[in-house]
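Everything on this sheet refers to the single structure shown next.
Sequence positions, counted from 1, serve as the residue numbers for this chain.
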Amino acid sequence: MKKENWNESNIPDQSGKIFIVTGPTSGLGKESVKVLVRKNATVIMAARNIKKADSVKKEILAENNSAKIDIQELDLSSLESVNNFSTSINKKYKALDCLINNAGIMACPYSKTKDGFEIQMGTNHLGHFALTGQLISLLKKTPNSRVVNVASIAHTSGNIDFDDLNWEKRKYKTWSAYSDTKLANLYFTYELSRKLGQDKGSPMVLASHPGWTATDLQKHSSMANFMNIFLGQKVKVGALGGLRAATDPTAQSDNYFGSPSMGGMKGHPALVKSNDLSYNVDNAKKLWKLSEELTGVSYSID
């Protein structure tokens, strides 16, 4: 793997461009918002906790008083919230240059979303699937737009049981459930890219991973939290994979950017490959069909 030192200085000016970042109040999302507004983008913070989002916005404005930030409420574990958010965005904005599906939860105790989905799959995949589907028309209207799905090296441990997506028949294994959602992010990326085709007018669909980055994501696992001290790279580096997927002028649909060193755990982002299973077309189509049925969201792209 060719070593690169791709960093914030490689990001072109984003004046006039509009980005949505989910999970923008901490970790990778917060860092992505900071960087994008420094590059003169308008950033819509799609946040579950409005109070926390307001606090982050104030913090960013204190450093950069010209930052263009719009806070909108979004709870990815609720299809009603996803629908309300999307309706608001479609009314307020005439263009959307990039949707960064960054929000995620990891290794939490078993619970279900308001719509009856296992909490990790419901938030990490199904919420983003519904969100992207309800914004796809706006993305298609915007030249050179992109969708970026933030996955994880944990996808390599994923193996989705399509007959028991919500873990109702099996003994719950929270790490396996998390890994499944990250594999789902990649199935979604590659299948949406296939459906949109390679037409010049279609949005590009890319994925990224942050290596092992020390964030609040590990809060449900005392071991992962402890290992952050030794293995975790800084958020400023971990966020670069998603930022590269969102802004690199040479990037193409299906590209997967992430930390390339130490088994994918560390380093500035480079073009990497996900595992063989993630490219299984039959599985991707199966997940797509199931996601449409569960969310009630159909994409107007076929």
Side-chain angles (χ1 to χ4, degrees), residues 18-39 41-89 92-93 96 98-109 111-115 117 119-120 122-128 130-132 135 148-150 152 178 181 185 208 210 213-222 224-225 228 232-243 246:
I18 299 164
F19 290 73
I20 291 175
V21 179
T22 69
T25 58
S26 64
L28 304 173
K30 180 178 175 181
E31 179 64 19
S32 298
V33 175
K34 283 183 171 183
V35 172
L36 289 167
V37 295
R38 279 202 290 266
K39 295 292 177 176
T42 295
V43 179
I44 300 161
M45 292 176 69
R48 187 168 52 89
N49 186 327
I50 295 296
K51 192 174 175 187
K52 203 170 173 188
D54 276 328
S55 174
V56 170
K57 180 178 178 179
K58 281 178 187 157
E59 182 189 323
I60 292 172
L61 284 168
E63 298 170 7
N64 174 7
N65 61 12
S66 62
K68 296 183 279 292
I69 296 171
D70 178 13
I71 295 170
Q72 297 278 337
E73 187 173 2
L74 173 65
D75 179 356
L76 285 158
S77 69
S78 161
L79 292 176
E80 182 185 13
S81 176
V82 172
N83 184 58
N84 291 341
F85 172 86
S86 304
T87 301
S88 172
I89 296 300
K92 187 171 181 180
Y93 289 92
L96 175 59
C98 186
L99 168 61
I100 303 179
N101 289 322
N102 160 79
I105 54 174
M106 183 174 83
C108 47
S111 64
K112 286 188 171 182
T113 69
K114 293 169 188 172
D115 303 288
F117 310 139
I119 190 72
Q120 296 186 84
T123 303
N124 298 356
H125 167 63
L126 292 168
H128 281 130
L131 175 67
T132 308
L135 294 174
V148 175
N149 297 315
V150 179
S152 164
Y178 174 71
T181 70
N185 292 154
S208 69
T213 300
T215 70
D216 288 346
L217 196 63
Q218 289 95 346
K219 67 185 175 187
H220 291 292
S221 168
S222 54
N225 227 359
N228 270 344
Q233 62 184 358
K234 288 185 168 56
V235 171
K236 284 188 175 186
V237 178
L240 289 172
L243 287 164

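Residues Leu74 and Leu131 meet the side-chain proximity criterion, which asks for heavy atoms closer than 4.5 Å. A 4.5 Å side-chain heavy-atom check between Phe85 and Leu76 finds every atom pair outside the cut-off. Within the 4.5 Å cutoff, no side-chain heavy atoms of Val56 are placed close to those of Pro24. By the 4.5 Å heavy-atom criterion applied to side chains, Lys30 and Val235 are not counted as neighbours.
The backbone N or O of Asn84 sits nowhere less than 3.5 Å from a side-chain atom of Ser88 that would complete a donor-acceptor pair. Put simply, the side chain of Ser86 never gets that close to the backbone of Asn83: no donor and acceptor are under 3.5 Å apart. In terms of modelled atom types and a separation under 3.5 Å, the side chain of Gln120 and the main chain of Ala107 share a donor-acceptor contact.
Nearest heavy atom pair, residue Ala130 against residue Leu79, reads CB-CD2, 3.9 Å. In plain terms, the two heavy atoms of Ala246 and Ile100 that are nearest each other are CB-CD1, 3.9 Å. Heavy-atom minimum distance, Ala239 versus Leu28: N-CD2, 3.6 Å. Closest non-hydrogen pair, Pro109 versus Ile119, comes out as O-CG2, 4.1 Å. Heavy atoms only, all atoms of each residue included: Thr25 and Ala47 are closest at CG2-CB, 4.1 Å. Gly242 approaches Val148 most closely through the heavy-atom pair O-CG1, 4.0 Å.
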Is there a side chain to side chain contact (heavy atoms under 4.5 Å, CB included) between Asp70 and Lys92? Walk through the geometry before answering. CA-CA 11 Å; Asp70 178 13; Lys92 187 171 181 180; 3.0 Å; yes
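Going from atom OG of Ser78 over to atom CG of Asp115 covers 6.0 Å, rounded to the nearest 0.5 Å. In this structure, CG on Asn185 lies 6.5 Å from CG on Asn124, to the nearest 0.5 angstrom. To the nearest 0.5 Å, atoms CG (Leu36) and CD1 (Ile60) are separated by 10.0 Å. The structure places OG1 of Thr22 at 11.0 Å from CE of Met45, a figure rounded to the nearest 0.5 Å. In this structure, Ile71 CD1 and Lys57 NZ are separated by 5.0 Å, a value rounded to the nearest 0.5 Å. Taking CG of Asp54 as the reference point, atom CG of Asn49 lies at 9.0 Å (rounded to 0.5 Å).
Exactly one residue among Val150, Thr132, Ile20, Val21 makes a side-chain contact (heavy atoms from CB on, under 4.5 Å) with Asn101. That residue is Thr132.
Defined by atom type and a distance below 3.5 Å, a donor-acceptor pair is missing between the side-chain atoms of Asp75 and Ser81. A donor-acceptor pair shorter than 3.5 Å cannot be found between the side chains of Ser32 and Asn102.
More than 12 heavy atoms of other shown residues, nucleotides or ligands fall within 6.0 angstrom of atom CD in Glu63.
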